[in-house]
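Step one of this worksheet: look at the structure below.
A quick note: this is a predicted structure, and the numbers were derived from the prediction, not measured. By convention in this document, chain letters (A, B, ...) are assigned in the order of the sequence lines, proteins followed by strands, and residues within each chain are numbered from 1.
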Amino acid sequence: MNTDFLTTLNPPQKEAVTTTDGPIMVIAGAGSGKTHVLTCRIAYMLEYGNEAGEKVDSFDILALTFTNKAAKEMRERIEKMVGTEARNIWMGTFHSIFSRILRVQAEKIGYSRDFTIYDQEDAQGLVKTILKELKIDEKVFKPNYIHNRISMAKNMLVSASEYEQYVRDEWSEKTHQVYKIYEQRLKSANAMDFDDLLIKPLELFKNNPDVLAQYQERFRYILVDEYQDTNHAQYMITRYLAHKHENITVVGDDAQSIYSFRGANIQNILNFNKDYPQAKIIKLEQNYRSTPNILAVANDVIQKNKDQIQKTVWTANQEGEKVTVIRSLTEQDEANRVADIIRSSRYELNLALKDFVILYRTNAQSRAIEEGLRKVGIPARVIGGMSFYQRKEIKDLIAYFRVTLNDNDEVALKRIINYPTRGIGDATVEKIMQAASVSKNTLWQVLNNIEQYIPNSRISGAVQDFATMIQHFREYNETHDAYETAKYIVHQCGLFKELKSDTSPEGVSRIENIQELLNAIKFFTDDATRSDKSLSFFLQEVSLLTNADLSPDEDAVTLMTIHTAKGLEFPVVFVVGVEEDLFPSKSSLNSRSELEEERRLFYVAVTRAKKRLFLSYSEQRYRFGNISDSTASRFIKEINPELLNLEGKASQIIRKHEKNHQEYLQKNLHYTTKSMLSTQKAVLPKEDFNGEFIPCNPADLQVGMQVRHEKFGKGKITGLEGIGGNQKAHVFFNAVGNKTLLLKYAKLMIVQE
DNA sequence: CCGTTACTCGTTTTT
DNA sequence: CGAGTAACGG
């Protein structure tokens with residue numbers, strides 16, 4: 001190990017690294033080398049031991065990070081310093097670490113270890129189902145609002161029954177009603193939502209002192225990064241675990257607390273020394289990232305906030321340029337100007353495209369920017385928004401995996417029971433749910449013995465077939481790894497066939513996405529360092545992925561929300577849409593604390609920049625399809641004007657570098673973005689049929705006959721099925737391909753050869 | 001039962 | 001403008 005690393009640290013950094021024992025709070029200003037300190041600290045403990053001179057075992061360290069990516073990077077850096085010992089450290093997000101622990105301890109809290117994790121969409125879907133069942137108007141009581149209230153309650157450790165005491169209006173009353181059933185349904189689905197991954201460990205610890213003692217002993221050294229964004233449940237977890245040894249280090253910056261909307265409590269960091277009166281507080285105030293100008297802008301704005309820990313972030317870095325404020329007329333204009341500046345300054349500063357980032361307040365803003373970059377041929381990578389694993393086709397396939405592994409997964413089951421369509425409609429699903437709830441049996445039992453619960457039903461055959469198919473998947477999975485099982489399911493469940501028949505650009509891209517998921521699973525199964533190659537384990541990992549975790553390494557400009565950019569740095573940063581009502585967001589103007597959070601968000605945005613920073617606003621912006629006027633954000637007005645350059649000199653620089661850009665385009669002509677895929681629908685070719693349309697008697701139809709349909713034109717019957725009113729014909733139409741028609745309604749005319 | 005069409009309503013931010 | 005839902009016709 002390189003023993004010189006201590007000399008690379010400034011005095012407070014060194015203190016943060018070498019003070020190994022007892023409670024410590026490190027206030028790490030933006031760009032103060034926090035990650036470096038954390039890595040050195042862990043390496044130091046492993047290499048030199050604690051203050052008593054004992055070596056610290058890598059298995060005894062628990063490090064909680066904000067994203068899985070941060071954990072991965074830190075682990076790699078530690079491994080470079082101390083070797084493979086680094087692999088034993090428990091390092092990851094709260095959610096991933098405790099889902100791991102809950103798998104092992106599942107039986108103790110009444111779950112089985114194959115429990116499913118419901119993401120936001122799944123959880124909201126369940127709330128919606130419950131609202132429907134309770135006949136509560138979901139137009140008024142929106143599922144996402146109700147779910148949000150439930151989630152907040154769970155974060156605050158208020159159970160469904162305890163929630164009753166907070167009922168004071170119609171909203172809280174309905175929330176209470178739904179909350180109770182929501183919890184039951186999660187339980188009977190053997191599922192946990194994101195909040196449960198933090199609450200259930202507390203339940204486990206409370207009811208099993210021996211288990212708590214075991215983990216307290218194991219995690220002798222606890223480290224929590226981004227402590228300013230922990231919520232109450234996370235706070236309680238750390239208190240429980242640290243209670244015995246009190247070797248807890250929390251690292252954070254109150255000025256960067258930006259997640260209160262999901263329950264983060266800034267008081268956790270502001271009150272740390274009340275919880276641990278003997279705590280040592282170390283402030284890292286020297287910034288190594290940004291120019292003095294950029295830092296001055298950040299400080300100007302943040303000092304308007306009342307609630308904060310006193311600190312002075314400063315830098316010894318070289319004087320840079322002024323911060324440029326870009327003012328545009330429209331959002332297209334804004335996008336064009338950003339694109340222009342990128343294509344000129346990349347040559348002027350000799351930067352790669354991935355050195356540029358464009359940050360915005362809301363995901364919806366990415367479109368205009370993407371379009372502007374695409375026009376001049378600059379590749380862009382949009383992080384977040386609809387991420388890969390949230391796409392419909394991916395979620396559909398994953399729902400098949402989920403049902404295969406956990407047959408009580410209600411949400412996943414509903415999603416796939418009739419997709420691709422197999423004749424089990426809403427009405428039938430409703431009946432099945434009813435039967436399960438009345439008989440107090442699981443959904444799976446009902447499905448498997450459908451005749452017993454819903455006798456003489458028309459659709460029992462279809463339901464039985466579905467159940468048998470899932471049963472096959474389950475058996476196959478027992479003897480195969482994740483990739484083999486996934487491939488088997490894709491081809492057997494009908495999804496692949498369904499998508500293959502769709503030849504539109506979106507259909508093709510869906511097939512590609514399915515293929516990409518299979519590749520990801522293959523990559524997972526081929527990973528030699530993994531011991532568990534089951535589909536179950538793959539799913540567990542996938543459900544906890546975050547935006548920041550997906551990082552293909554092509555050279556492209558990055559677009560993301562400011563929230564996603566937390567913890568990152570870029571040579572050149574554009575903050576776009578710095579307008580009143582957008583940033584600060586309109587909905588934050590009701591309270592001082594919400595406005596202060598917006599200001600912290602602005603602080604985070606500004607402090608991502610190393611060399612150059614642009615703040616951009618437009619005088620007009622599309623909102624809900626209408627153009628509306630906007631003005632510069634109050635945050636811009638809070639900056640000392642001397643730090644700002646109000647007019648960029650974009651145009652001259654562009655002319656100077658236009659030739660370089662043209663050469664670049666020549667070399668990269670193949671470049672396209674996904675957003676270029678057109679969404680146009682297939683247009684039916686006009687047919688030269690002018691005769692009178694006379695529908696035939698369905699009984700006269702035979703396989704192989706040429707027929708004509710009023711809308712679809714000419715086709716050939718490829719199959720007939722069903723009897724009486726339920727008779728269907730499969731017809732291959734020249735214009736639109738295969739269709740299944742219910743002959744009760746569809747009129748066909750026999751074409752005489 | 002299924003697909004198409006007409007309307008409504010919304011944007012914070014995410015593990 | 002676009003996603004998502006209700007209503008309807010085949």
* Contacts of type salt bridge (Lys or Arg N to Asp or Glu O under 4.0 Å), residue A:Lys395, not counting sequence neighbours -> A:Asp119, A:Glu121, A:Asp122
* **Rounded distance (Å) that lies between atom P of B:dT15 and atom CD of A:Glu121** => 14 Å
* Under 4.0 Å between any heavy atoms, over every strand shown, what does A:Gln365 touch: base, sugar-phosphate, or nothing? Just pick one. => nothing
* Touch class at under 4.0 angstrom, heavy-atom based, for A:Lys566 against every strand present -> nothing
* Quick one: label A:Asn418 by what it contacts on the DNA or RNA (base, sugar-phosphate, nothing), any heavy atom closer than 4.0 Å. => sugar-phosphate
* Asked: In terms of side-chain geometry, is the basic nitrogen of A:Glu371 or A:Arg374 positioned less than 4.0 Å from the acidic oxygen of its partner?
  -> yes
* **Salt bridge flag under 4.0 Å for residues A:Lys586 and A:Glu580** => no
* Structure fact -> Result for 5'-nearest mapping on DNA chain B, choosing between A:Thr93 and A:Glu594, is A:Glu594
* Whole-Å distance between B:dC2 P and A:Ile417 CD1? -> 12 Å
* Below 4.0 angstrom from OP1 or OP2 of B:dT15, is there any side-chain N or O of A:Thr67? -> no
* Asked: Rounded to the Å, how far apart are A:Arg391 CZ and C:dA3 P?
  -> 13 Å
* DNA chain B contacts made by residues 257-264 of chain A, counting heavy atoms under 4.0 Å -> A:Tyr259, A:Phe261, A:Arg262
* Structure fact -> Paired runs of 3 or more consecutive Watson-Crick or G-U pairs involving DNA chain B, with both pairing distances under 3.5 Å, are B:1-10 with C:1-10
* Which whole-number value in Å describes the distance from A:Glu138 CD to C:dG4 C1'? -> 11 Å
* If you pin A:Thr421 and A:Ser96 to their nearest nucleotides in DNA chain B, which one's is more 5'? -> A:Thr421
* Asked: Looking at A:Ser588, does any N or O in its side chain come under 4.0 Å of the phosphate oxygens OP1/OP2 on B:dT13?
  -> no
* Asked: What is the distance from CD1 of A:Ile424 to P of B:dC2, rounded to the nearest Å?
  -> 9 Å
* **Sequence-distant partners of A:Ser585, side chain to side chain donor-acceptor pair (under 3.5 Å), two or more places apart** => A:Ser587
* Asked: For A:Asp193, what residues pass the side chain to side chain donor-acceptor pair (under 3.5 Å) criterion, not counting sequence neighbours?
  -> A:Lys154, A:Tyr182
* Reckon A:Thr230 touches a base, only the sugar-phosphate, or nothing at all at heavy-atom distances under 4.0 Å? -> nothing
* To do: Output all residues satisfying side chain to side chain contact (heavy atoms under 4.5 Å, CB included) with A:Arg262, sequence neighbours left out; order by chain, then residue number.
  => A:Phe66, A:Tyr259
* **Pairing residues for A:Arg239 by the salt bridge (Lys or Arg N to Asp or Glu O under 4.0 Å) criterion, not counting sequence neighbours** => A:Asp275
* Structure fact -> Separation of B:dT15 atom P from A:Gln124 atom CD, nearest Å, is 15 Å
* **salt bridge (Lys or Arg N to Asp or Glu O under 4.0 Å) partners of residues 558-569 of chain A, not counting sequence neighbours, each pair once** => A:Glu226-A:Lys566, A:Asp229-A:Lys566, A:Arg289-A:Glu569, A:Glu569-A:Lys610
* Pairing residues for A:Thr129 by the side chain to side chain contact (heavy atoms under 4.5 Å, CB included) criterion, not counting sequence neighbours -> A:Glu133, A:Arg185, A:Glu410, A:Lys414
* To do: Using a heavy-atom cut-off of under 4.0 Å over every strand shown, decide if A:Asn363 touches base, sugar-phosphate, or nothing.
  => sugar-phosphate
* Structure fact -> Residue set satisfying side chain to side chain contact (heavy atoms under 4.5 Å, CB included) with A:Thr607, at least two apart, ordered chain then number -> A:Ala30, A:Ala298, A:Tyr603
* Touch class at under 4.0 angstrom, heavy-atom based, for A:Arg367 against every strand present -> sugar-phosphate
* Separation of A:Ile237 atom CD1 from B:dT15 atom P, in whole Å? -> 17 Å
* **C:dA6 to B:dT11 separation - C1' atoms, rounded to the nearest Å** => 24 Å
* To do: Just jot down the side chain to side chain contact (heavy atoms under 4.5 Å, CB included) partners of A:Gln620, sequence neighbours excluded, or say none.
  => A:Thr330, A:Ile627, A:Asp629
* A:Arg422 CZ to B:dC2 P, straight-line distance once rounded to whole Å -> 11 Å
* Checking all strands, does A:Thr561 fall into the base, sugar-phosphate, or nothing category for heavy-atom contacts under 4.0 angstrom? -> sugar-phosphate
Give me, pair by pair, the N or O atoms of the protein and of nucleotides 8-10 of chain B that are less than 3.5 Å apart, along with how far apart they are.
| residue | atom | partner | partner atom | Å |
| --- | --- | --- | --- | --- |
| B:dG10 | OP1 | A:Lys142 | NZ | 3.3 |

* Asked: Should A:Glu370 and A:Arg367 count as an ion pair when the cut-off is N to O under 4.0 Å?
  -> no
* With under 30° as parallel and over 60° as perpendicular, where do the rings of A:Trp171 and A:Tyr145 fit, or are they tilted in between? -> tilted
